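Every value quoted in this text rests on a predicted model; they were computed, and no experiment measured them.
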Amino acid sequence: MKPRAAVVGSCNADLTVYTATVPVNGQTVSGERLVIGPGGKGSNQATALSRAGADTAMICRMGCDSLATVLEDHYAAEGISTDGVIRDPSRQTGSATIIVDTSTGDNRIVVVAGANGALCPEDVAKNSDKLLGCRVLLLQLESPVSASLTAAHIAAENGATVILNPAPAREIPSELIALCDYIIPNETEAQALTGISVSTEAEAFAAGRALRALGAKNAVITLGRRGCAAVTESGEEFTVPAFSVKAVDTTAAGDQFCGAFAARLAFGADLRSALTFATAASAISVTRAGASVSMATREEIEEFLSNNL
């Protein structure tokens with residue numbers, strides 16, 4: 001039986017432009033192609049969870065426009081439960097405009113929150129049944145923190161593992177951090193939360209200890225091409241190296257990591273193997289274009305690991 005998981009967070013329609021020349025201020029350049037597809041940190045992570053084998057429910061708010069159709073069609077195709085999706089006729093569906101540099105795979109993103117900004121504690125409370133019986137709850141910060149806090153309380157009270165990806169970086173109430181079994185920032189987000197520049201392994205461990213001092217039980221800092229660093233509640237500190245691949249598009253690589261990691265924990269994996277699984281999943285995702293559509297399946301990740309370990 002698949003373990004149950006839930007994601008409370010954002011859903012966006014992504015408008016992604018691929019170009020060999022990223023424009024500077026006042027410059028117009030020619031792009032190679034435009035792709036419209038599902039995205040948003042919540043949706044990306046729900047897709048990663050589902051493809052990695054978890055029975056996944058999404059709690060989010062979207063509009064009643066054509067962009068919402070992009071998302072709902074995606075959820076249906078992925079087998080993600082939409083019972084917790086609230087349709088808001090007064091707001092547009094959230095969107096992200098993404099410029100991908102085809103020479104490096106790096107990206108620049110502008111997000112318009114739309115209906116995501118109206119997700120509220122009442123929305124979560126009305127869908128609390130989606131959180132009962134879940135093994136993991138995955139949260140981000142593209143929707144109001146108050147909704148995440150409500151979800152974290154419900155999940156923690158019912159024995160679920162609470163995972164927070166504090167992205168984008170913003171102020172987080174200590175009450176939410178204290179409910180986190182795992183907090184997973186990248187280097188920039190870790191520095192914003194702790195004031196520690198994460199440019200070396202030692203600094204990553206120092207930031208992890210600082211995050212634990214803020215209340216999180218365990219801290220995992222993703223380090224891009226350097227892999228990730230973990231600081232655990234038992235005092236263990238270790239790194240997991242990244243796999244070497246040719247990056248095509250780094251959009252949603254962090255979401256892939258978080259979703260795959262949450263899925264492996266839901267299946268009962270230990271921390272090291274869950275992080276290795278998540279690192280492999282991220283390596284696969286950056287070799288593909290797009291956000292949610294670039295997420296790797298459990299079978300693909302297991303095959304990748306069998307060929308690369």
If we ignore hydrogens and angles and just use 3.5 Å, is the side chain of Arg4 paired with the main-chain N or O of Leu132 as donor and acceptor? yes
Determine yes or no for a side-chain-to-main-chain donor-acceptor pair under 3.5 angstrom, with Ser50 supplying the side chain and Thr47 the backbone. no
Compare every heavy atom of Asp88 with every heavy atom of Ala115, then report the nearest pair and how far apart it is. CB-CB, 4.4 Å
Can you tell me if Arg225 has over 12 outside heavy atoms packed within less than 6.0 Å of its CZ? no
Taking it one step at a time, do Asp83 and Asn127 satisfy side chain to side chain contact (heavy atoms under 4.5 Å, CB included)? CA-CA 8 Å; Asp83 292 344; Asn127 288 283; 5.5 Å; no
Rounded to the nearest 0.5 Å, how far does CD1 of Ile177 lie from CG of Leu164? 7.5 Å
How long is the gap from CG on Asn44 to OG on Ser285, to the nearest 0.5 Å? 9.5 Å
For Leu179 versus Ala152, what's the shortest heavy-atom pair and its separation? CD1-CB, 3.8 Å
Sub-4.5 Å side-chain heavy-atom contact between Thr250 and Asp106: yes
Treating Asn12 as the side-chain partner and Asp14 as the backbone partner, does any N or O pair qualify as donor plus acceptor under 3.5 Å? no
With hydrophobic residues grouped by side-chain heavy-atom distances under 4.5 Å, do Leu275 and Ile183 end up in a single group? no
Is any side-chain heavy atom of Val124 closer than 4.5 Å to a side-chain heavy atom of Leu131? yes
Can you give me the closest heavy-atom contact between Asn218 and Glu233, atom names plus distance? OD1-N, 2.9 Å
Taking Val286 as the starting point, is it possible to reach Phe277 by hopping between hydrophobic residues whose side chains are less than 4.5 Å apart? yes
Is Glu237 salt-bridged to Arg212, cutoff N-O under 4.0 Å? no
Counting C-beta onward and ignoring hydrogens, is there a side-chain heavy-atom pair between Leu193 and Pro166 closer than 4.5 Å? yes
Under 3.5 Å donor-acceptor, Thr19 side chain and Thr21 backbone: yes
Spacing of CD belonging to Gln45 relative to NZ belonging to Lys41, to within rounding of 0.5 Å: 6.0 Å
Do Ser43 and His74 pass the side-chain hydrogen bond (donor to acceptor under 3.5 Å, both in side chains) test, and can you show the C-alpha distance, the side-chain angles, and the key distance before you say yes or no? CA-CA 9 Å; Ser43 283; His74 174 73; over 6 Å; no
Hydrophobic cluster identity match, Val8 and Val85, side-chain contacts under 4.5 Å: no
Taking C-beta and beyond as the side chain, do Val136 and Leu138 meet within less than 4.5 Å on heavy atoms? no
In the structure I gave you, are the side-chain heavy atoms of Leu309 and Phe304 within less than 4.5 Å of one another anywhere? no
Here's a test for you: under side-chain contact (heavy atoms from CB on, under 4.5 Å), which of Asp249, Ile99, Asp101 qualifies with Tyr18? Asp249
Thr161 and Arg135: side chain to side chain contact (heavy atoms under 4.5 Å, CB included), yes or no, with the steps? CA-CA 6 Å; Thr161 296; Arg135 292 191 184 176; over 6 Å; no
Between Phe205 and Val231, which heavy-atom pair has the shortest distance, and what is it? O-CG2, 3.7 Å
Glu236 vs Arg272 side-chain heavy atoms within contact, under 4.5 Å: yes
Rounded to the nearest 0.5 Å, what's the gap from SG on Cys258 to CG on Leu49? Could you check? 9.5 Å
According to a hydrophobic-cluster definition based on side-chain heavy atoms being under 4.5 Å apart (Ile, Leu, Val, Met, Phe, Trp, Tyr only), do Leu137 and Tyr182 belong together? no
For residues Glu189 and Leu141, determine if any side-chain heavy atom of one lies less than 4.5 Å from a side-chain heavy atom of the other. no
For Ala54, does its backbone N or O pair with a side-chain atom of Thr56 as donor and acceptor, under 3.5 Å? yes
Evaluate the criterion side chain to side chain contact (heavy atoms under 4.5 Å, CB included) for residue pair Arg288 and Gln256; output intermediate values, then yes/no. CA-CA 12 Å; Arg288 301 169 174 171; Gln256 169 73 91; 6.0 Å; no
For Glu303, does the CD atom have more than 12 heavy-atom neighbours from other residues, nucleotides or ligands under 6.0 Å away? no
Paired with Arg61, the side-chain hydrogen bond (donor to acceptor under 3.5 Å, both in side chains) test is passed by just one of Thr93, Asn116, Asp123, namely Asp123
What's the spacing between Ile196 CD1 and Glu203 CD if we round to 0.5 Å? 8.5 Å
Report yes if the side chains of Cys60 and Tyr75 come closer than 4.5 Å at any heavy-atom pair, otherwise no. yes
Can a salt bridge be assigned to the pair Glu78 and Arg51 using a cut-off of 4.0 Å between side-chain N and carboxylate O? yes
Is a donor on one side and an acceptor on the other found under 3.5 Å between the side chain of Gln92 and the backbone of Asp65? no
How far does SG of Cys180 sit from CD1 of Ile172, to the nearest 0.5 angstrom? 7.5 Å
Start with the C-alpha gap between Phe243 and Ile284, add the side-chain angles, then the distance that decides, and say whether side chain to side chain contact (heavy atoms under 4.5 Å, CB included) holds. CA-CA 9 Å; Phe243 294 92; Ile284 295 170; over 6 Å; no
For residues Ile184 and Val198: do they belong to one hydrophobic cluster (side chain heavy atoms under 4.5 Å, members Ile, Leu, Val, Met, Phe, Trp, Tyr)? no
Other residues, nucleotides, ligands: >12 heavy atoms within 6.0 Å of Gln27 CD: yes
Measure across Ser10 and Glu142 and return the closest heavy-atom pair with its distance rounded to 0.1 Å. OG-OE1, 2.5 Å
Work out which heavy atom in Ala281 is nearest to a heavy atom in Ile301; give both atom names and the distance. CB-CD1, 3.5 Å
Salt-bridged, Glu201 to Arg226, with N to O below 4.0 Å? no
